[in-house]
Amino acid sequence: QRLSELGNKFDKNRDEIARIFVARSEIDLNEIRGRFAKKQYGKQLDKWIEEKSKKSNFGKFLTQILTSIDRHNAMMAKKEKFRKDSAYSQSQSTRSAPTYQPTMSNNASLTAPVIVDHVDDDDATPSTSLNRQHTSSKPKYDDPEMQQEILNNDDKRDESLKVFTAENGGLVKFLEKYLKSKIVEKMWVKLDSSQKGYIGITSFPDLIAFVVILWKVKVHQQKTKSKTKPEMDNKQVRSEIEHIAMWIAKSYVSTDDGVFQLSQDDFQNKFASWCQEYVDVDGALMDF
């Protein structure tokens, strides 16, 4: 095999080896790995690279190509499983009662959660809290560098996964039934105050944090069998969902040139499935 021959003078043939890896990475590099292992009596291509390159930066470059293929294949397998299961899950959700079903009697108690950069001492109304938000500091989510920084932050990813897998995935079930509620529609109207028909990337984390807070209040009220509201740092809630916000933006909403325009219809009908897919792939980065 060509790679085995080139390996006899590995350092001298670096350019040719790199050309093979890059050119075949999107075609059949995985098949080459399999054939290589057979020819080399079970020695994996990864191990061969490590030995021949003596753990040099060039060897790390080749290994990263193989790792990216493995990650991509794993992600695609999970996406395929999700697509096959989604139809069944949606049909089941329409038959069974939702885990967190809002009622008309407690909608009023859910109007208190608001998206501000501190915990309110009183029961501020949504309109009052939104006015406060405009005067507070806020991350520049429309900055491409900040978006990529959030996406590359494993701690941010873990925070978002923790939120969306809590209570046995209860948040996603909640979203499937609650995104079309009046209180969410009112929040949308406030975020799209200019009535453009869509919101931008700077408002998207606020919107996600808002529905997360609604869910947290609902869970608290069910556990305590009361209409009290848990104390929450709403700014912290928004920080915890930044990764999923940027992941959804990059995966489904933003155009190739970075324009983010999320319509109310897409949010209400697709957001829950986007969140479920995020959980299914463990927040793994797509091939953007």
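- Across all their heavy atoms, N168 and K173 have their closest contact at O-NZ, 3.7 Å.
- Here the straight-line distance linking atom CZ of F174 with atom CG of L214 works out to 5.5 Å at 0.5 Å rounding.
- Closest of all the heavy-atom pairs between I244 and C275 is CD1-SG, 4.0 Å.
- Side-chain atoms of D233 come within 3.5 Å of backbone N or O of K235 as a donor-acceptor pair.
- Residues P230 and V217 meet the side-chain proximity criterion, which asks for heavy atoms closer than 4.5 Å.
- When only modelled atom types and interatomic distance are considered, Y178 and Q268 share no side-chain donor-acceptor pair under 3.5 Å.
- Not one N or O on the side chain of T165 forms a donor-acceptor pair closer than 3.5 Å with the backbone of G169.
- Side-chain polar atoms of K180 and N269 form a donor-acceptor pair below 3.5 angstrom.
- Of the possible polar contacts, one joining the W247 side chain to the A284 backbone as a donor-acceptor pair under 3.5 Å is found.
- Rounding to the nearest 0.5 Å gives a distance of 7.5 Å between CD of Q276 and CD of E176.
- Taking both residues in full, the closest heavy atoms of L161 and D282 are given as CD1-O, 3.6 Å, listed atom of the first, atom of the second, then distance.
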Evaluation steps, side-chain contact (heavy atoms from CB on, under 4.5 Å), between I213 and M232: CA-CA 8 Å; I213 291 171; M232 285 180 283; 3.5 Å; yes
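- Looking only at side-chain heavy atoms (C-beta outward), D266 and Y252 stay at 4.5 Å or farther from each other.
- With Q147 contributing its side chain and Y141 its backbone, the two residues share a donor-acceptor pair below 3.5 Å.
- In this structure, Q64 and L66 have side chains that are not in contact, with every pair of non-hydrogen atoms separated by 4.5 Å or more.
- Using a 4.0 Å cut-off between charged side-chain N and carboxylate O, E167 and K223 make a salt bridge.
- For the atom pair CD1 (I49) and NZ (K47), the distance works out to 12.0 Å, reported to the nearest 0.5 Å.
- With values rounded to the nearest 0.5 angstrom, T228 atom OG1 is found 3.0 Å from H220 atom NE2.
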D206 vs F210, side-chain contact (heavy atoms from CB on, under 4.5 Å): CA-CA, chis, key distance, verdict: CA-CA 6 Å; D206 287 335; F210 181 76; over 6 Å; no
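- Although no hydrogens or angles enter the test, the distance criterion places a donor-acceptor pair under 3.5 Å between the side chain of N152 and the main chain of Q148.
- With S273 contributing its side chain and K270 its backbone, the two residues share a donor-acceptor pair below 3.5 Å.
- Formation of a donor-acceptor pair under 3.5 Å by the S160 side chain with backbone atoms of R157 is not found in this model.
- A distance-only check finds a donor-acceptor pair linking the side chain of D143 to the backbone of E145 [under 3.5 Å].
- Criterion: ILVMFWY side-chain heavy atoms under 4.5 Å apart, direct or through other members. Under it, V253 and M146 are part of a common hydrophobic cluster.
- Between W274 and F271, the two ring planes are perpendicular [angle over 60°; tilted spans 30° to 60°].
- Between the side chains of S263 and D265, no donor-acceptor pair of N or O atoms lies under 3.5 Å.
- Considering every non-hydrogen atom in both L175 and A272, the closest pair reads CB-CB, 4.0 Å.
- Residue T224 comes nearest to S226 through the heavy atom pair OG1-OG, 2.7 Å, listed as atom of the first residue, atom of the second, then distance.
- Counting only N and O atoms by type, the side chains of S53 and K60 include no donor and acceptor under 3.5 Å apart.
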From CA spacing to verdict: salt bridge (Lys or Arg N to Asp or Glu O under 4.0 Å), E159, K162: CA-CA 5 Å; E159 287 178 350; K162 183 177 180 180; over 6 Å; no
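- To the nearest 0.5 Å, atoms CD (Q261) and OG1 (T255) are separated by 8.0 Å.
- The number of heavy-atom neighbours closer than 6.0 Å to CG of D15, taken from other residues, nucleotides and ligands shown, is 12 or below.
- Note that CG of L62 and OG of S56 are 8.0 Å apart. Values are rounded to the nearest 0.5 Å.
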Verdict with reasoning, V279 to E277, per side-chain contact (heavy atoms from CB on, under 4.5 Å): CA-CA 5 Å; V279 171; E277 183 160 355; over 6 Å; no
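- A donor-acceptor contact closer than 3.5 angstrom is absent between the side chains of Y198 and Q264.
- In this structure the side chain of H243 reaches within 4.5 angstrom of the side chain of Y278, judged on heavy atoms.
- Contact check on E185 versus K182 returns no salt bridge, with no Lys/Arg side-chain nitrogen under 4.0 Å from an Asp/Glu carboxylate oxygen.
- When the shell of 6.0 Å around CG of D257 is examined, it contains more than 12 heavy atoms from other residues, nucleotides or ligands.
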Check against side-chain contact (heavy atoms from CB on, under 4.5 Å), F61 and V22: CA-CA 10 Å; F61 162 72; V22 173; 4.1 Å; yes
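- Proximity of the aromatic rings of W48 and F10 is defined here by a centroid distance below 6.0 angstrom, and this criterion is met.
- Across I241 and F164, no two heavy atoms sit closer than the pair CG2-CE1, 4.0 Å.
- Between the side chains of N153 and E149, no donor N or O sits under 3.5 Å from an acceptor N or O.
- Close placement of the F204 and F260 rings is indicated, their centers lying within 6.0 Å of each other.
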Check against side-chain hydrogen bond (donor to acceptor under 3.5 Å, both in side chains), K156 and S239: CA-CA 8 Å; K156 286 288 186 184; S239 175; 2.8 Å; yes
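- Of the possible donor and acceptor atoms, one in the side chain of D192 sits under 3.5 Å from a partner among the backbone N and O of G197.
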